[in-house]
Amino acid sequence: MAIINVTFPDGSKKEFAEGTNIREVAKSISGRLAKEALAAEVNGKIVDLNYQLKEDAAVKIFTFQDNQGKHVFRHSSAHLLAEAVLNLFPDTKLGIGPAIEDGFYYDFDSEHTFTPEDLEKIEAEMIRLGKEKQEFTRKELAKEEAVEYFNDKDEDYKVELIKDFPPDEIISTYTQGNFTDLCAGPHIPNTGYIKAVKLLSLAGAYWRGSEKNPQLQRIYGTSFAKKSQLEEYLEKLEEAKKRDHRKLGTQLGLFTLVEEGPGFPIFLPKGMVLRNLLEDYWRKEHVKAGYLEIKTPIILNRGMWERSGHWDHYQENMYFTTIDEQDFAIKPMNCPGGMLVYRQEQHSYRELPLRTAELGLVHRHEMSGALHGLMRVRAFTQDDAHIFMLPEQITDEIKGVIDLVDKFYKKFGFSYHVELSTKPEKAMGSDETWEKATDALELALKEKEFDYVINEGDGAFYGPKIDFHLEDCLGRTWQCGTIQLDFLMPEKFDLTYIGEDGNKHRPVMIHRVIFGSIERFIGILIEHYAGAFPTWLAPVQAKILSIADRNNEYAHRLAKEMSENGLRVEVDDRNEKIGYKIRQGQLAKLPYMLIVGDKEENDKTVAVRKRSEGDIGAVSVGQFITDMLAEIAGEAR
RNA sequence: GCUGAUGUGGCUCAGAGGUAGAGCAGCGCACUCGUAAUGCGCAGGUCGUCGGUUCAAAUCCGACCAUCAGCUCCA
């Protein structure tokens, strides 16, 4: 029998007899690994533990600690879910059931509408089946056999999937107990591993993600190797929900969402302070980066929107109005206004790149089901800019914008990921133009050495884009910044510049936003800081709390002095105990509370209580103001 | 828009056919207080909206609106 050389991730090597399976390999390393092993990677391919080695191989064994191990574990959990559902609701047809970040789901087609109570029953059934320790066994079959097998079981969706595979594809199925599913695998050894499982929610999901297809019932769940891990996870979810910007927004008095204006958030005084600070910072940075600020109207006439292509390509998202019997539209984007600005005068190649920026309020008709706090609204302000440039300036300008986005996000401590979105179905312009634009964006990303994923067909109707995504408290990502390269709009509006040769040429343009929408960015910001804003951003930077009524005058005198120094201060002069005032201040997440009683009044000091550190002792008023201004200047830089 | 769930005072929630209740917040009074909730009292709700069933509806039924989760779509 042949000897096989196995190399492990740490570089160590071991010899095994041909046909040895991974379980035995794990056992040879340690009993514990054999117990915890879920799946393995052999020469780059993910396999089951009973995969038999046939040649020399690099072997990695995965446990629940590894992402791959988790993934396999959750995928097997999805199979267990399907088995449980079929046991309880035999007429159910199966869609697909993959592992996802933090869990898994399975899509079902059933006459019966699942209820939250059903989820409990299904969960109990999963646990029961888990106790049976049913083994997952793999079987390979030819395409026709597979079609026949699933046809017999009336699994229409599975048949549809198989029919889309290439003709010579080897199809595999996995069976546990008397449940068999179409699946590439791999899977964990048996269902007994799944001891901690929780079905979390129920939702409709279109078959293969298309609105045109029937809607299936999707059950979401998660599972862990140990009960304690599940509990920890559920606790973490609860904690994350406390950071929800919708909750904190009301609690902290930043904004409000009312039934009278779905998707039209109302900003309250404290929210406006935050918003204005962001805009101030934005303006400062944009002047530095060579942008000129403009403001274009919210309403423009029909002809202009026809020219821009929005009338044909974006109508379903737009709001309309009539003025003096003429059609007008409320802008869903700022670009056409930007075009009108460029067209105001003749431009020389010497002026380019010309960077015009606009904090523009746009309105878009979003589907009612898509609305979400400040993250997805129907009216929002984009921190827009349109850069008009020579073709040879494209890469540098894109790189400049990438740097600016990075600077902004780093300032707030955001981590983000980048996507490159390509030509959508509803697009203007030729494939060549699109390809040219997409290549230019890709080149800039490569030169910047950014990791990015390609988002097919998700570009704007006038051009491809680089999207910057930020995460909310639950790890859902939202597109914020975007850079779009556009050869078409300058054409549509017949934009020109006079080149070195004295002739007219067509400029290229970039549409870009950094925050994306101020509203969305604020939503992310609230969740990121859990409402505890750094001092420079805090709507109220310090609150002065008086100990007794007789200290109120001193408190107000201090407040006046601090306000005159540009600090945002409030006084709590209510006739309440200091512990109570402090509690409320702490819940309001104020960076500083200044407690003033007889002692402070006599010494002309304030007793400082810092949000993060508690009581830090008394300092003179002047000293406190100086320190705070220094802190703010440092943060706001 | 689709699927499911939810909607009770400013906020968090109880009440599940007999005509609305608590805590917090608010207001008043007393206490004048030293680092996360002082006590007492008062006021506040056409129970999302409209319609139906019933002697009687917050409660049962229907439609609509809004919100939440997900799908789809997007900054």
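In what follows, chains carry the letters A, B, and so on, assigned in the order in which the sequence lines appear, proteins first and then strands, with residues in each chain numbered from 1.
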So, Trp478(A) and A75(B): ring centres less than 5.5 Å apart, planes less than 30° off, yes or no?
no
Classify the nucleic acid contact of Met593(A) as base, sugar-phosphate or nothing, counting any heavy atom under 4.0 Å across all strands shown.
nothing
Sort out the partner of A5(B) for me: Watson-Crick or G-U wobble, both distances under 3.5 Å, none otherwise.
U67(B)
Electrostatic pair Lys331(A)-Glu358(A), nearest N-O below 4.0 angstrom
yes
Return the nearest nucleotide to the side chain of Glu211(A); candidates are G34(B), A75(B), U72(B).
U72(B)
In whole angstroms, how far is the C1' atom of A5(B) from the CG atom of Asp118(A)?
13 Å
With rounding to whole Å, what would you report as the distance between U8(B) and G45(B) at their C1' atoms?
8 Å
Does the plane of the ring in His372(A) sit parallel, tilted or perpendicular to the ring in Trp478(A)? Use 30° and 60° as the thresholds.
tilted
Centroid-centroid under 6.0 Å between Tyr220(A) and Tyr106(A) rings:
no
Is Arg376(A) touching bases, backbone alone, or none of the nucleic acid, heavy atoms closer than 4.0 Å?
base
Taking only the C1' atom of each, what is the distance from A57(B) to G51(B) in whole angstrom?
13 Å
Which whole-number value in Å describes the distance from Gln251(A) CD to G10(B) P?
17 Å
Do Phe461(A) and His310(A) have ring centroids that are under 6.0 Å from one another?
yes
P atom, U12(B) versus G7(B): distance in rounded Å?
13 Å
C2(B) versus C73(B) - spacing of their C1' atoms, nearest Å:
12 Å
Counting only distance, no hydrogens or angles, is the base of G1(B) paired donor-acceptor with the side chain of Tyr206(A) under 3.5 Å?
yes
Identify whether any heavy atom of Glu600(A) sits under 4.0 Å from a base atom; if not, whether one sits that close to sugar-phosphate; answer base, sugar-phosphate or nothing.
base
Among A69(B), A5(B), A36(B), which nucleotide has an atom closest to any side-chain atom of Arg583(A)?
A36(B)
Between the base of G1(B) and the side chain of Glu316(A), is there a donor and acceptor pair under 3.5 angstrom?
no
With a 3.5 Å cut-off and heavy atoms only, can you find an N or O donor on one side and an acceptor on the other between the side chain of Arg609(A) and the base of U35(B)?
yes
Looking across every strand, which nucleic acid part, if any, lies under 4.0 Å from Arg476(A) by heavy atom: base, sugar-phosphate, or nothing?
sugar-phosphate
Does the plane of the ring in His363(A) sit parallel, tilted or perpendicular to the ring in Tyr319(A)? Use 30° and 60° as the thresholds.
perpendicular
Per the atom types in the model, does the base of C2(B) pair as donor or acceptor with the side chain of Gln215(A) at under 3.5 Å?
yes
From the list C71(B), G26(B), A75(B), which nucleotide is the closest neighbour of the side chain of Arg574(A)?
G26(B)
Using Watson-Crick or G-U wobble geometry with both distances under 3.5 Å, which nucleotide pairs with G21(B)?
C13(B)
Strictly under 6.0 Å, is that where the ring centroids of His75(A) and His79(A) end up?
yes
Under 4.0 Å between a side-chain N or O of His372(A) and OP1 or OP2 of U67(B)?
no
Please state whether the phosphate of G1(B), meaning OP1 or OP2, lies under 4.0 angstrom from any side-chain nitrogen or oxygen of Ser368(A).
yes
Selection from C33(B), G34(B), A75(B) that lies nearest to any side-chain heavy atom of Lys465(A):
A75(B)
The answer to which of Leu587(A) and Asn317(A) contacts RNA chain B further toward the 5' end, by nearest nucleotide, is Leu587(A)
So Asp467(A), base contact, sugar-phosphate only, or nothing? Heavy-atom distance under 4.0 Å.
nothing
Give one of base, sugar-phosphate or nothing for Gly209(A), where a contact means two heavy atoms less than 4.0 Å apart.
sugar-phosphate
The side chain of Asp615(A) is closest to which nucleotide in this list: U35(B), G70(B), U67(B)?
U35(B)
Angle class for the His112(A)/Phe89(A) ring planes (parallel below 30°, perpendicular above 60°, tilted otherwise)?
parallel
Heavy atoms only, 4.0 Å cut-off, all strands: where does Ile595(A) land among base, sugar-phosphate and nothing?
base
Using a 4.0 Å heavy-atom cut-off across all strands, classify Glu366(A) as base, sugar-phosphate, or nothing.
base
With rounding to whole Å, what would you report as the distance between C13(B) and C71(B) at their P atoms?
25 Å
Identify whether any heavy atom of Tyr580(A) sits under 4.0 Å from a base atom; if not, whether one sits that close to sugar-phosphate; answer base, sugar-phosphate or nothing.
sugar-phosphate
Salt-bridge contact Glu570(A)-Lys543(A) (side-chain N to carboxylate O under 4.0 Å)
yes
From CG of Asp603(A) across to C1' of G34(B) the rounded distance in Å is 14 Å
Both distances under 3.5 Å, Watson-Crick or G-U wobble: report the partner of G62(B), or none.
C50(B)
With RNA chain B as reference, determine whether Ile578(A) or Gln382(A) sits nearer its 5' end, using the nearest nucleotide of each.
Ile578(A)
Residue Ala607(A), side-chain atoms from C-beta onward, closest of C33(B), C71(B), G34(B)
G34(B)
Looking at His528(A) versus Phe412(A), is the centre-to-centre ring distance below 6.0 Å?
no
Describe the nucleic acid contact of Glu576(A) in one word from base, sugar-phosphate, nothing, applying a heavy-atom distance below 4.0 Å.
base
Find out whether the Lys NZ or Arg CZ of Arg520(A) is both under 6.0 angstrom from the six-membered ring centre of Phe515(A) and within 45° of the ring's axis.
no
Output the rounded distance in Å from CD1 (Ile219(A)) to C1' (U3(B)).
13 Å
By nearest atom, which of the nucleotides A5(B), U72(B), U67(B) is closest to the Pro262(A) side chain?
U67(B)
Classify Gly579(A) by what it touches in the nucleic acid, base, sugar-phosphate, or nothing, heavy-atom distance under 4.0 Å.
sugar-phosphate
A43(B) - base-pair partner by Watson-Crick or wobble geometry, distances under 3.5 Å
none
Partner lookup for G34(B), please. Criteria are Watson-Crick or G-U wobble with both distances under 3.5 angstrom; report none if nothing qualifies.
none
Taking CD from Glu425(A) and C1' from U72(B), how many angstroms apart are they, rounded to a whole number?
13 Å
Can you find a side chain N or O atom of Arg512(A) that sits less than 4.0 Å from OP1 or OP2 on A75(B)?
no
For the P atoms, the ones on A36(B) and on G70(B), what distance do you get once it is rounded to whole angstrom?
38 Å
When the distance from CG of Asp107(A) to C1' of C2(B) is rounded to whole Å, what number comes out?
14 Å
Check if the side chain of Arg246(A) and the base of C68(B) share a donor-acceptor pair of N or O atoms closer than 3.5 Å.
no
Which value, in whole Å, describes the distance between the P atoms of nucleotides U46(B) and G39(B)?
30 Å
Closest to the side chain of Asp549(A), out of U72(B), A75(B), U32(B), is U32(B)
Heavy atoms only, 4.0 Å cut-off, all strands: where does Val362(A) land among base, sugar-phosphate and nothing?
nothing
Sugar-phosphate only, base, or nothing, as touched by Lys581(A) at under 4.0 Å among non-hydrogen atoms:
nothing
When we call it a touch if two heavy atoms are under 4.0 Å apart, what does Arg611(A) touch: a base, just sugar-phosphate, or nothing?
nothing
Looking only at atom P, what distance separates U35(B) and C40(B), rounded to whole Å?
23 Å
